Amino acid sequence: MDSLVAVIECQQPEADLYRFMGRMIITQQMEEIVRPLGPESLLLRGARLKNTKEIFGVAIYTGMETKMALNYKSKSQKRSAVEKSMNTFLIIYLIILISEAIISTILKYTWQAEEKWDEPWYNQKTEHQRNSSKILRFISDFLAFLVLYNFIIPISLYVTVEMQKFLGSFFIGWDLDLYHEESDQKAQVNTSDLNEELGQLEYLFTDKSGTLTENEMQFWECSVNGMKYQEINGRLVLEGPTPDSAEESLTYLRSLSHLNNSAHLTASSYRTSPESETELITEHDLFFKAVSLCHTVQISDAQTDGIGDGPWQSSLAPAQLEYYASSPDEKALVEAAARVGIVFIGNSEETMEVKVLGKLERYKLLHILEFDSDRRRMSVIVQAPSGEKILFAKGAESSILPKCIGGEIGKTRIHVDEFALKGLRTLCVAYRQFTSEEYEEIDRRLFEARTALQHREEKLADVFQFIEKDLVLLGATAVEDRLQDKVRETIEALRMAGIKVWVLTGDKHETAVSVSLSCGHFHRTMNILELINQKSDNECAEQLRQLSRRMTEDHVIQHGLVVDGTSLSLALREHEKLFMDICRNCSAVLCCRMAPLQKAKVIRLIKISPEKPITLAVGDGANDVSMIQEAHVGVGIMGKEGRQAARNSDYAIARFKFLSKLLFVHGHFYYIRIATLVQYFFYKNVCFITPQFLYQFYCLFSQQTLYDSVYLTLYNICFTSLPVLTYSLLEQHIDPYILQSKPTLYRDISKNHLLSIKTFLYWTVLGFSHAFIFFFGSYFLMGKDISLLGNGQMFGNWTFGTLVFTVMVITVTVKMALETHFWTWINHLVTWGSIIFYFIFSLFYGGILWPFLGSQNMYFIFIQLLSSGSTWFAIILMVVTCLFLDVVKKVFDRHLHPTSTEKAQMYSNTVALSDEFIALQPLSRARNQLSKLSLLNQIQVSSAWTPCAASQERRCAHLLEECWNEF
């Protein structure tokens with residue numbers, strides 16, 4: 001290293017993590033040696049060393065020019081529908097505040113137009129006040145009224161909402177139903193701002209591989225030289241016509257016995273002749289050697305630590321080797337080749353070693369043509385032990401078959417389609433042999449392209465096209481990606497909840513459709529429409545019009561759409577509106593051969609559609625990050641493709657099936673809690689400030705406050721904050737099991753139902769009506785010069801305000817208690833404790849002369865107030881009056897127009913009550929009750945999801961009456 005003299009030339013800093021172009025010019029003995037530098041030579045922050053003890057490196061980019069620093073871009077801020085509603089309501093209340101201030105200011109000057117009220121004898125103006133500008137006085141009075149009424153704006157609402165979101169997010173991580181024991185992973189919350197959005201979803205976009213499937217690839221079948229094999233119990237069994245005699249089968253077995261000394265490759269039924277055996281063996285041999293060499297699989301350092309011949313332990317058995325691969329497909333194929341008898345032992349910078357029937361073969365690794373999404377294939381150029389230079393290529397059939405000029409192309413294409421129909425992932429394998437002159441030309445062109453600093457990617461693409469041509473097809477592989485547990489049930493539950501599920505995948509059309517059918521995304525009765533293989537805008541437009549006509553003409557309830565990436569690009573280019581209209585009318589959409597940016601664009605189009613639906617995207621790999629960040633809510637699956645999706649998501653779970661609990665239970669609860677919290681906060685602030693506004697009519701709009709300043713400060717901080725915060729964390733209006741087992745309940749809260757303008761106006765009008773009762777109830781009690789004290793003394797201004805405030809604190813707290821369905825000891829503590837705390841605080845605050853207070857208007861006021869029996873009666877009467885009408889409305893709505901949620905509440909309450917009584921009965925009677933209640937439950941369950949017939953209601957009442965009579 002001390003004698004190394006080199007210069008590194010590279011591109012300017014850019015944010016792309018997977019793109020780097022440079023070259024190193026090494027000077028040795030007055031000669032310059034140029035070495036290309038690519039992304040594989042660049043280490044990013046956080047990289048870990050494997051299979052090596054140390055490295056020597058040079059810092060290329062530093063500080064804010066590093067790729068990690070350039071990627072520090074703030075994501076678009078995701079805001080929930082609840083936050084948007086809150087801001088709308090806040091604007092309405094700001095208008096109310098300004099209106100009250102303007103009305104009060106105008107009425108003040110209208111009142112003061114009379115001289116006796118403008119300058120009464122007890123409040124003479126100074127000379128400066130008489131000569132001051134009327135405009136300035138008007139502005140000053142307007143601002144004074146704004147300050148007086150500003151408590152109608154619930155500033156503390158935003159603090160409480162943030163606390164509720166932060167504390168509430170812990171419940172997801174604590175939920176054992178979202179814990180995956182096998183991988184020891186629990187659910188993660190990366191942002192708590194979107195908890196309630198989980199209860200508002202209308203569209204769900206999901207990846208396939210690793211999200212709906214396990215992403216654990218298992219080699220299943222292969223096609224070699226036009227013959228199809230299936231692996232059964234670790235053996236390759238040939239599929240084909242039945243042989244005429246046992247001798248021919250035995251001959252074939254003997255001819256292939258060299259492929260595996262354990263006889264892993266057998267033929268259950270195949271006809272061959274001795275003349276074709278040598279050619280057959282060569283084709284099979286070459287196919288599995290290609291699978292063993294064309295990859296980027298690594299072996300752990302512990303297994304390749306300088307034992308045996310070379311740096312790898314050649315005596316290791318296949319079962320002892322542990323392969324590591326960035327793609328599970330590659331790992332599955334290498335392991336399958338090892339089971340057949342061609343075992344990949346390891347590689348270094350220049351050589352790759354395989355064992356063929358225990359015989360070690362070293363191949364010199366000349367070049368790797370890396371996989372990219374445009375070519376959809378990868379290749380390696382190796383030098384065989386015999387000196388031949390061979391190119392092995394593998395990739396999607398659409399990228400390999402057009403490049404082939406030899407091999408069983410027709411048969412292999414048929415086999416690939418058969419594999420895809422079974423839902424298997426397919427790859428085609430081919431090779432090309434170079435002459436010395438061809439390889440020299442290839443080596444020179446690769447070197448020039450890889451050392452170029454300008455347009456390197458375009459030059460490499462041209463060279464790759466030049467190299468990867470005139471291939472000879474060897475065969476195809478098929479691996480199975482097994483569906484995750486309960487995927488079908490989860491998708492069906494999502495559909496019942498009114499959520500449209502779209503599958504966005506990069507797989508080919510046949511594979512994607514097969515998996516969609518198997519997982520329940522498509523079902524057999526659905527009318528499947530296809531928009532695939534479109535070549536031009538006109539062709540795409542005509543196909544879209546035909547699909548639109550079919551949807552209107554076909555008398556089918558549900559339609560499904562299949563679209564591929566190429567057709568999607570054409571549809572979105574000129575016919576976006578027509579395409580989106582078709583998609584919105586489909587119950588399920590499958591997009592195949594999708595690029596990551598196309599996934600994000602589809603979600604974007606749905607987001608900005610006129611309905612403005614709430615979307616969720618779920619994926620497990622780096623290619624899903626763009627759509628996860630684009631959707632309103634992003635969920636990452638902590639699978640086997642790294643953690644990029646989980647890190648960039650809003651929520652991370654271990655399995656797709658956990659979505660049902662996350663949405664139907666947590667999402668439902670979060671939305672109910674925060675929606676009630678928001679409405680309640682506006683309600684209690686209207687109750688708080690409206691009496692202040694009404695009081696101005698009785699004090700000549702002199703801006704006299706009705707409440708003491710301490711009460712103004714502590715109303716939202718201490719007296720009424722804890723009950724609603726506890727409700728927003730613990731409320732469970734329905735049993736979680738019922739929510740998860742009845743997904744249709746999710747529809748009751750869709751479209752931001754609980755924060756609609758209608759509901760908002762109800763809570764606002766309720767607040768104004770309660771405020772009027774507080775104020776005028778207290779006024780009529782005290783406004784007729786009636787002595788409420790035994791000594792004949794009258795109540796004063798502060799006593800009146802304190803009475804209004806006391807009734808208000810009790811009423812709004814009890815109102816919160818009426819909204820609570822799920823009571824715990826914490827709810828009881830904070831609800832009744834808040835009322836008790838108010839009384840205790842007022843007694844201490846007004847019962848003692850505090851030396852640090854300059855003036856104490858409330859001294860002895862509260863004690864004097866509570867000493868009157870009439871006051872106690874008035875407090876109880878006003879509280880009951882306020883809440884009575886609200887209770888009556890709830891009762892009538894629940895019995896005359898019950899929602900599905902309210903029916904489920906009545907059902908669960910009936911069952912719980914019945915269970916308690918049954919537990920107290922003798923065994924024989926308990927059995928009788930259980931049988932009747934079982935029938936009752938069936939009736940009530942059916943009535944909860946369908947219009948309740950009168951006969952069913954009478955039958956329920958009759959059964960309940962029988963049960964109660966026996967109790």
Side-chain angles (χ1 to χ4, degrees), residues 75-76 78 197 200-212 373 491 494-495 499-509 511-513 515-516 519 521-522 528-534 537 540-541 543-544 547-548 551 559-637 645 648-650 656 659:
K75 295 187 296 184
S76 58
K78 293 184 178 182
E197 208 79 331
Q200 294 294 294
L201 299 178
E202 298 172 61
Y203 282 83
L204 186 143
F205 301 89
T206 175
D207 180 40
K208 183 184 76 67
S209 301
T211 305
L212 300 179
S373 56
I491 290 179
L494 291 170
R495 186 177 288 115
I499 300 174
K500 293 186 177 181
V501 180
W502 289 33
V503 175
L504 312 179
T505 177
D507 285 348
K508 64 176 299 188
H509 166 247
T511 304
V513 171
V515 173
S516 287
C519 71
H521 179 235
F522 287 163
I528 306 297
L529 310 175
E530 290 189 346
L531 181 66
I532 57 175
N533 299 326
Q534 303 301 305
D537 284 335
C540 182
Q543 181 68 12
L544 285 171
L547 294 179
S548 181
M551 293 185 71
H559 297 274
L561 176 66
V562 182
V563 58
D564 61 11
T566 306
S567 304
L568 179 68
S569 299
L570 294 173
L572 298 181
R573 187 186 304 168
E574 299 289 341
H575 320 289
E576 181 179 303
K577 185 177 184 302
L578 180 58
F579 174 72
M580 295 310 298
D581 288 341
I582 293 173
C583 289
R584 284 196 295 269
N585 291 324
C586 290
S587 302
V589 177
L590 169 64
C591 300
C592 53
R593 292 300 194 198
M594 294 280 286
L597 290 179
Q598 284 182 311
K599 296 181 180 181
K601 189 172 183 179
V602 167
I603 296 177
R604 176 69 179 168
L605 289 173
I606 293 295
K607 282 174 60 179
I608 64 176
S609 61
E611 297 85 1
K612 297 290 188 299
I614 307 299
T615 60
L616 179 143
V618 54
D620 72 314
N623 60 331
D624 302 319
V625 170
S626 56
M627 75 169 185
I628 285 175
Q629 293 181 342
E630 181 63 46
H632 291 95
V633 183
V635 176
I637 301 293
N648 287 276
S649 63
D650 304 305
F656 184 82
L659 275 178

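All values derive from a computational prediction rather than experimental measurement.
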Participant: Heavy atoms only: give me the nearest Val589-His521 pair and the separation to one decimal.
Facilitator: O-CE1, 3.1 Å

Participant: To the nearest 0.5 angstrom, please state how far the CD1 atom of Ile499 sits from the CG atom of Leu616.
Facilitator: 8.0 Å

Participant: Could you go through Arg584 and Glu611, starting from their C-alpha distance and side-chain angles, then the distance that decides it, and tell me whether this counts as salt bridge (Lys or Arg N to Asp or Glu O under 4.0 Å)?
Facilitator: CA-CA 10 Å; Arg584 284 196 295 269; Glu611 297 85 1; 3.7 Å; yes

Participant: Tell me whether the count of non-hydrogen atoms from other residues, nucleotides or ligands lying under 6.0 Å of NZ in Lys607 goes above 12.
Facilitator: yes

Participant: Tell me the closest heavy-atom pair linking Ala588 and Arg495, and the distance in Å.
Facilitator: CB-NH2, 4.4 Å

Participant: Work out which heavy atom in Thr206 is nearest to a heavy atom in Met627; give both atom names and the distance.
Facilitator: C-CE, 4.2 Å

Participant: Working note: Asp624 + Leu504, criterion side chain to side chain contact (heavy atoms under 4.5 Å, CB included); need CA distance, chi angles, decisive distance, verdict.
Facilitator: CA-CA 9 Å; Asp624 302 319; Leu504 312 179; over 6 Å; no

Participant: Tell me the closest heavy-atom pair linking Leu531 and Ala571, and the distance in Å.
Facilitator: CD2-CB, 4.3 Å

Participant: Find the distance between CD1 (Ile491) and SG (Cys519) and round it off to the nearest 0.5 Å.
Facilitator: 3.5 Å

Participant: I'd like to know whether Met551 forms a side chain to side chain contact (heavy atoms under 4.5 Å, CB included) with Cys586, so could you lay out the CA-CA distance, the side-chain angles of the two residues, the decisive distance to 0.1 Å, and finally the verdict.
Facilitator: CA-CA 9 Å; Met551 293 185 71; Cys586 290; 3.9 Å; yes

Participant: Among His632, Glu630, Glu202, which one satisfies side-chain hydrogen bond (donor to acceptor under 3.5 Å, both in side chains) with Thr615?
Facilitator: His632

Participant: Could you give the distance from CD1 (Ile532) to CG (Asp564), rounded to the nearest 0.5 Å?
Facilitator: 6.5 Å

Participant: I need the minimum non-hydrogen distance between Lys78 and Asp650, along with the two atoms involved.
Facilitator: NZ-OD2, 2.9 Å

Participant: For Ser649 and Val635: C-alpha separation, side-chain torsions, deciding distance, then whether side chain to side chain contact (heavy atoms under 4.5 Å, CB included) applies.
Facilitator: CA-CA 5 Å; Ser649 63; Val635 176; 5.6 Å; no

Participant: Do Asp581 and Ser548 make a side-chain contact, defined as non-hydrogen atoms from C-beta onward lying under 4.5 Å apart?
Facilitator: no

Participant: If only atom types and distance count, is the side chain of Ser516 paired as donor or acceptor with the main-chain N or O of Val513 below 3.5 Å?
Facilitator: no

Participant: Counting C-beta onward and ignoring hydrogens, is there a side-chain heavy-atom pair between His559 and Leu547 closer than 4.5 Å?
Facilitator: no

Participant: Would a 4.5 Å heavy-atom cut-off, applied to side chains only, mark Asp207 and Ile637 as touching?
Facilitator: no

Participant: If you take all heavy atoms of Ser567 and Cys540, which pair is closest and at what distance?
Facilitator: O-SG, 4.0 Å

Participant: Taking atom OH of Tyr203 and atom OG of Ser609, what is their separation to the nearest 0.5 Å?
Facilitator: 6.5 Å

Participant: If you define the side chain from C-beta out and look only at heavy atoms, does anything of Leu561 sit under 4.5 Å from Phe579?
Facilitator: yes

Participant: Please round to the nearest 0.5 Å and tell me the distance separating atom CH2 of Trp502 and atom CD1 of Ile603.
Facilitator: 9.5 Å

Participant: To the nearest 0.5 Å, what is the distance between CG on Leu204 and CZ on Phe656?
Facilitator: 5.5 Å

